[in-house]
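Shown next, in structure tokens, is the structure this report addresses.
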Number of protein chains: 2
Amino acid sequence: METQNFLLLKLAKIMHKVFQELKKRFDKLNDEEIKISTEQLGLLRSICLEEDDVIQKDMAEIMGKDKSSILRLINSLEEKDLIRRVVDNKDRRKNYLMVTKTGHRVMERYMLIVNELMLEIQQGLNKSDKEVFSKVVNHIVIKTGEL
Amino acid sequence: METQNFLLLKLAKIMHKVFQELKKRFDKLNDEEIKISTEQLGLLRSICLEEDDVIQKDMAEIMGKDKSSILRLINSLEEKDLIRRVVDNKDRRKNYLMVTKTGHRVMERYMLIVNELMLEIQQGLNKSDKEVFSKVVNHIVIKTGEL
DNA sequence: CATAATAGTTGCAGATATCAACTAATTATT
DNA sequence: AATAATTAGTTGATATCTGCAACTATTATG
């Protein structure tokens with residue numbers, strides 16, 4: 001019973017650590033390049049990972065943040081030319097958030113670092129463990145989706 | 001290869017969702033009670049979970065934040081009478097962070113909610129899957145500890 | 001004793017967050 | 001078709017959290 005609580009807290013701790021490490025490595029890489037904050041990167045990442053084109057409101061829901069928060073993050077990403085607002089012809093209230101070439105390049109570079117770190121972390125795990133882990137994560141994705 | 005990246009991002013997403021849900025349930029509970037922010041709760045949680053008594057500097061290291069950040073979070077927790085600074089007799093530079101009765105009560109209440117949500121999320125998983133998951137998490141704890 | 005190192009504090013500046021009030025565009029209602 | 005309601009986005013105000021650098025107080029070291 002208590003084990004499961006601590007597991008969650010452990011998970012929180014390692015996620016924090018992993019993203020901290022990722023940010024550190026990413027910052028190091030981007031010394032003279034585009035400086036991007038964790039939140040900005042998180043939003044960019046989310047936009048990239050969505051199946052369909054999204055508008056600001058979608059991202060507010062997906063990220064679980066206020067629409068004005070998203071708006072300001074979008075502003076900063078647009079200033080850095082990582083994404084671009086494109087007005088929907090059919091409904092001019094909507095701004096589609098399109099990732100620019102630079103944005104994709106930044107994400108790719110980020111993904112390489114993620115990849116590298118993941119390999120480091122996975123060392124010593126066998127295939128079946130990884131599969132079960134992946135299965136459980138997917139299970140939790142579904143369960144949290146129901147919340 | 002790519003699978004593992006997305007696994008991390010998936011994990012990040014579910015953690016975000018879980019803590020969001022936890023905060024929501026916790027806020028609902030604490031309508032007239034102590035209002036506490038996510039960061040404050042996170043710090044209180046960490047202090048409670050440590051084996052030994054800690055000082056501010058320890059928490060800065062554990063949480064991976066600047067000591068001044070911790071200091072201010074401690075201030076807000078102390079204002080709410082959830083923790084108390086106690087000067088070390090042998091080294092008067094050090095403030096031990098002692099959790100008050102109220103602090104423990106708040107944490108217990110929080111843990112109950114965590115517990116409840118964990119049970120909801122785990123429904124449908126068999127024992128062996130949970131064990132493997134736990135094992136992998138522990139593996140990652142060790143690996144991230146080496147970073 | 002003078003100097004280093006350590007723990008904590010304060011001031012400053014920047015990023016993020018939410019809330020509420022607002023505009024503009026679209027849809028629904030009468 | 002005119003009016004009202006809804007939706008998407010924006011803005012202003014305010015609060016929280018963050019790190020950095022400079023500072024104080026205390027302890028350790030030479």
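Convention: sequence-line order gives letters A, B, ...; per-chain numbering from 1. Remember, predicted model here, so these are calculated numbers, not experimental data.
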* Asked: Who is the Watson-Crick or G-U wobble partner of C/dG14, with both distances under 3.5 Å?
  ->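 Per the H-bond distance test, D/dC17.
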
* **Complement of C/dA4, any strand, by Watson-Crick or G-U distances under 3.5 angstrom** => none

* To do: Only counting residues at least two apart or in another chain, list the ones meeting side chain to side chain donor-acceptor pair (under 3.5 Å) with A/Arg84.
  =>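 So A/Arg84 forms a side chain to side chain donor-acceptor pair (under 3.5 Å) with A/Asp81.
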
* **side chain to side chain donor-acceptor pair (under 3.5 Å) against A/Glu120, all qualifying residues, sequence neighbours excluded** => A/Arg25

* Do NZ/NE/NH1/NH2 and the carboxylate oxygens of A/Asp91 and A/Arg93 come within less than 4.0 Å? -> yes

* Is B/Arg105 salt-bridged to B/Glu108, going by a charged N under 4.0 Å from an acidic O? -> no

* Asked: Parallel under 30°, tilted from 30 to 60°, perpendicular over 60°: which one fits the rings of B/Phe26 and B/Tyr110?
  ->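 The arrangement is perpendicular - the two ring planes meet at more than 60°.
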
Figure out the [atom1]/[atom2] separation between [X] and [N], and round it to whole Å.
| X | N | atom1 | atom2 | value |
| --- | --- | --- | --- | --- |
| A/Asn95 | C/dT23 | CG | C1' | 14 Å |
| A/Gln40 | C/dG14 | CD | P | 15 Å |
| B/Leu43 | D/dT16 | CG | P | 16 Å |
| B/Leu44 | D/dC17 | CG | P | 13 Å |
| B/Asp66 | C/dG11 | CG | P | 16 Å |

Between N or O atoms, less than 3.5 Å apart, protein on one side and nucleotides 26-30 of chain D on the other: list the pairs.
| unit_1 | atom_1 | unit_2 | atom_2 | d |
| --- | --- | --- | --- | --- |
| D/dT26 | OP1 | B/Arg92 | NH2 | 3.4 |
| D/dT26 | O2 | B/Arg93 | NH1 | 3.4 |
| D/dT27 | OP1 | B/Arg92 | N | 2.8 |

* Asked: Is the shortest heavy-atom distance from the side chain of B/Lys17 to the side chain of A/Val141 under 4.5 Å?
  -> no

* In terms of side-chain heavy atoms of A/Glu39, which of C/dG8, D/dT18, C/dA17 is nearest? ->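 Side chain of A/Glu39 sits closest to C/dA17.
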
* With syn defined as a glycosidic angle within 90° of 0 and anti as everything else, classify D/dA25. =>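 Anti.
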
* Does the B/Gln56 side chain pair with the main chain of B/Asn95, one donor and one acceptor, at a distance under 3.5 Å? -> no

* Any side-chain N or O of B/Lys94 under 4.0 Å from OP1/OP2 of C/dA7? ->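 Checking C/dA7 against B/Lys94, no side-chain N or O comes under 4.0 Å of OP1 or OP2.
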
* Does anything in residues 67-87 of chain B reach DNA chain C, meaning a heavy atom under 4.0 Å, and if so which residues? ->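 When residues 67-87 of chain B is checked for heavy atoms under 4.0 Å from DNA chain C, the hits, listed by number, are B/Lys67, B/Ser68, B/Leu71, B/Arg72, B/Arg85.
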
* To do: With a 4.0 Å heavy-atom cut-off, tell me which residues in residues 48-64 of chain A come close to DNA chain D, sorted by residue number.
  =>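 Within this stretch, A/Ile55, A/Gln56, A/Lys57 sit under 4.0 Å of the strand.
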
* Structure fact -> B/Asp66 meets the salt bridge (charged side-chain N to carboxylate O under 4.0 Å, His left out) criterion, sequence neighbours left out, with none

* To do: Determine, step by step, whether B/Lys57 and B/Glu61 satisfy the salt bridge (charged side-chain N to carboxylate O under 4.0 Å, His left out) criterion, reporting the C-alpha distance in whole Å, the side-chain angles of both residues, the deciding distance to 0.1 Å, and the verdict.
  => CA-CA 6 Å; B/Lys57 182 207 145 206; B/Glu61 280 170 10; 3.8 Å; yes

* Quick one: which of B/Val99, B/Ile83, B/Leu82 gives a side chain to side chain contact (heavy atoms under 4.5 Å, CB included) with B/His104? -> B/Val99

* B/Ile74 versus B/Ile47, closest heavy-atom pair with distance ->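 Closest pair (atom of B/Ile74, atom of B/Ile47, distance): CD1-CD1, 4.3 Å.
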
